[in-house]
There are 2 protein chains.
Amino acid sequence: MDQEDPSDRPLTRIQARNRQTILEAALEVFSQYGYRGATLDQIAEVAGLSKPNLLYYFPSKEAIHIALLSGQMDTWLDPLRALDPGGDPVTEIMGYVHRKLDLSRDYPRESRLFANEILQGAPRMMEALQGDLKSLVDEKAAVLARWAAEGRIANLPPHHLIFSIWALTQHYADFDVQVRAVLGPGHDPYAEADRFLDTLFRKLLIP
Amino acid sequence: MDQEDPSDRPLTRIQARNRQTILEAALEVFSQYGYRGATLDQIAEVAGLSKPNLLYYFPSKEAIHIALLSGQMDTWLDPLRALDPGGDPVTEIMGYVHRKLDLSRDYPRESRLFANEILQGAPRMMEALQGDLKSLVDEKAAVLARWAAEGRIANLPPHHLIFSIWALTQHYADFDVQVRAVLGPGHDPYAEADRFLDTLFRKLLIP
DNA sequence: GTCTATACTCTGATAGAC
DNA sequence: GTCTATCAGAGTATAGAC
């Protein structure tokens with residue numbers, strides 16, 4: 001999955017900067033149009049570089065997409081990793097909910113990038129889903145199950161509890177245009193969602 | 001938005017059947033690859049027709065997509081339309097939740113078709129979102145608000161309550177590959193979701 | 001109504017000058 | 001390292017035979 005320079009030489013500062021510029025532009029375009037809908041021309045224009053120059057830094061369109069996905073994977077999983085098995089159950093879970101909603105608000109393009117990829121069958125991410133993601137979720141689900149067995153939170157299927165946090169928080173990023181179209185002007189979707197999801201999960205977690 | 005034959009002649013049986021064959025194939029392909037990612041070649045192959053023949057029945061690729069979206073819109077909104085302002089609040093809302101989850105289970109392609117479109121900014125659906133969809137949601141949100149004011153359900157922001165039903169039910173269709181990858185084999189995602197969402201919303205709605 | 005052939009455009013990728 | 005020029009293939013759409 002890694003697309004780093006296979007040679008032993010480290011990247012120069014210019015190389016590192018240009019790679020970052022390209023990945024930033026690629027995020028803009030891939031997140032909006034999906035993998036096949038995005039074109040190198042669009043990415044080159046957003047990046048302010050020529051199309052052949054893109055392909056000097058990355059061997060192919062797919063390599064850019066894969067580098068983008070792997071580069072963002074850690075950021076995407078960190079909020080769940082931070083869930084502390086030794087902490088107070090409700091505090092830890094509510095902390096996760098709020099961190100995940102903050103991610104949707106602050107990084108909606110990243111959310112849509114992953115949403116596009118999974119929606120289309122995750123052809124370039126299946127390995128990560130079945131590997132790192134499943135391992136992490138299984139690990140944290142075991143923590144949730146223990147808390148439930150100890151009567152410290154409601155007895156809920158832990159995997160689906162995690163899915164519900166993903167679904168409810170990512171909805172505000174992925175379906176942003178629908179949320180805003182339905183709410184109409186004069187609303188702050190994320191502020192309202194923050195209060196609503198706080199209420200929802202606090203009620204749900206009561207044993 | 002309508003893409004019907006502009007002439008006054010009604011469609012023959014053959015024409016109607018071929019249009020349906022094309023739309024069925026288009027659903028298969030557009031829902032998996034999104035608008036730009038789908039090709040007329042793929043749709044023609046799935047439909048078992050030649051590419052020019054597709055363009056005999058529809059004037060363009062975009063026309064097929066638009067016909068597909070408008071044709072599915074009613075099916076997609078019917079479960080919410082069926083929410084009865086005169087019924088028992090919890091029964092009505094739980095009925096909506098279960099109907100919506102059944103839609104995700106039985107029509108996942110339709111769910112992904114709309115998800116792809118909205119995710120990419122809803123360029124061919126914005127009008128419907130701001131018109132029919134907003135009107136319907138506003139109308140039903142007013143019902144929910146009345147029930148909350150009467151103390152018959154918990155006092156929650158009605159629009160976000162509806163968003164939460166959408167997010168939680170559509171997640172199982174749109175992110176199906178992720179759900180199955182994380183759960184691993186030996187699970188029935190929709191059966192588990194049905195029980196989980198029943199618990200979740202019953203708890204949430206208690207005043 | 002349906003097909004083969006094809007026009008024309010877009011897209012990913014490469015060659016080669018500087 | 002970056003550019004212009006360009007190729008080969010795929011893509012939408014049309015022409016015209018049957």
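Every chain is numbered from 1, with letters handed out A, B, ... down the list of sequences.
The CG atom of Leu40(B) sits 16 Å away from the C1' atom of dA7(C) (whole-angstrom rounding). Rounding to whole angstrom units, OH of residue Tyr35(A) and C1' of dT11(C) are separated by 11 Å. For Phe58(A) and dG12(C), the CZ to C1' distance is 16 Å, given to the nearest whole Å. In this structure, the CD atom of Glu45(A) is 17 Å from the C1' atom of dG12(C), given to the nearest Å. Atom CG in Asp41(B) sits roughly 18 Å away from atom P in dC10(C) (whole-Å rounding). Straight-line distance from the CZ atom of Arg36(A) to the C1' atom of dC10(C): 13 Å, rounded to whole Å.
For the pair Leu103(B) and Asp78(B), the minimum side-chain heavy-atom distance is 4.5 Å or more.
Protein chain A touches strand DNA chain D; the 5'-most and 3'-most nucleotides with an atom under 4.0 angstrom of its non-hydrogen atoms are dG1(D) to dG11(D).
Relative to the six-membered ring of Tyr172(B), Arg105(B) misses at least one condition, a distance below 6.0 Å or an angle of at most 45° to the axis.
Listed for the Glu117(B) side chain is a donor-acceptor partner under 3.5 Å among the backbone atoms of Arg124(B).
Residues satisfying the side chain to side chain donor-acceptor pair (under 3.5 Å) test with Gln20(A), not counting sequence neighbours, are none.
Counting non-hydrogen atoms under 4.0 angstrom, Leu55(B) reaches a base of the nucleic acid. Here Ala44(B) lies out of heavy-atom contact (under 4.0 Å) with every strand.
The aromatic rings of His160(B) and Phe163(B) sit perpendicular to each other, their planes meeting at more than 60°, with 30° as the lower class boundary.
Ion pair Glu139(A)/Arg81(A) not flagged as a salt bridge, since none of the NZ, NE, NH1 or NH2 atoms sits closer than 4.0 Å to an Asp/Glu carboxylate oxygen.
Of the two residues contacting DNA chain C, namely Leu49(B) and Thr39(A), the nearest-nucleotide position lying further toward the 5' end is that of Leu49(B).
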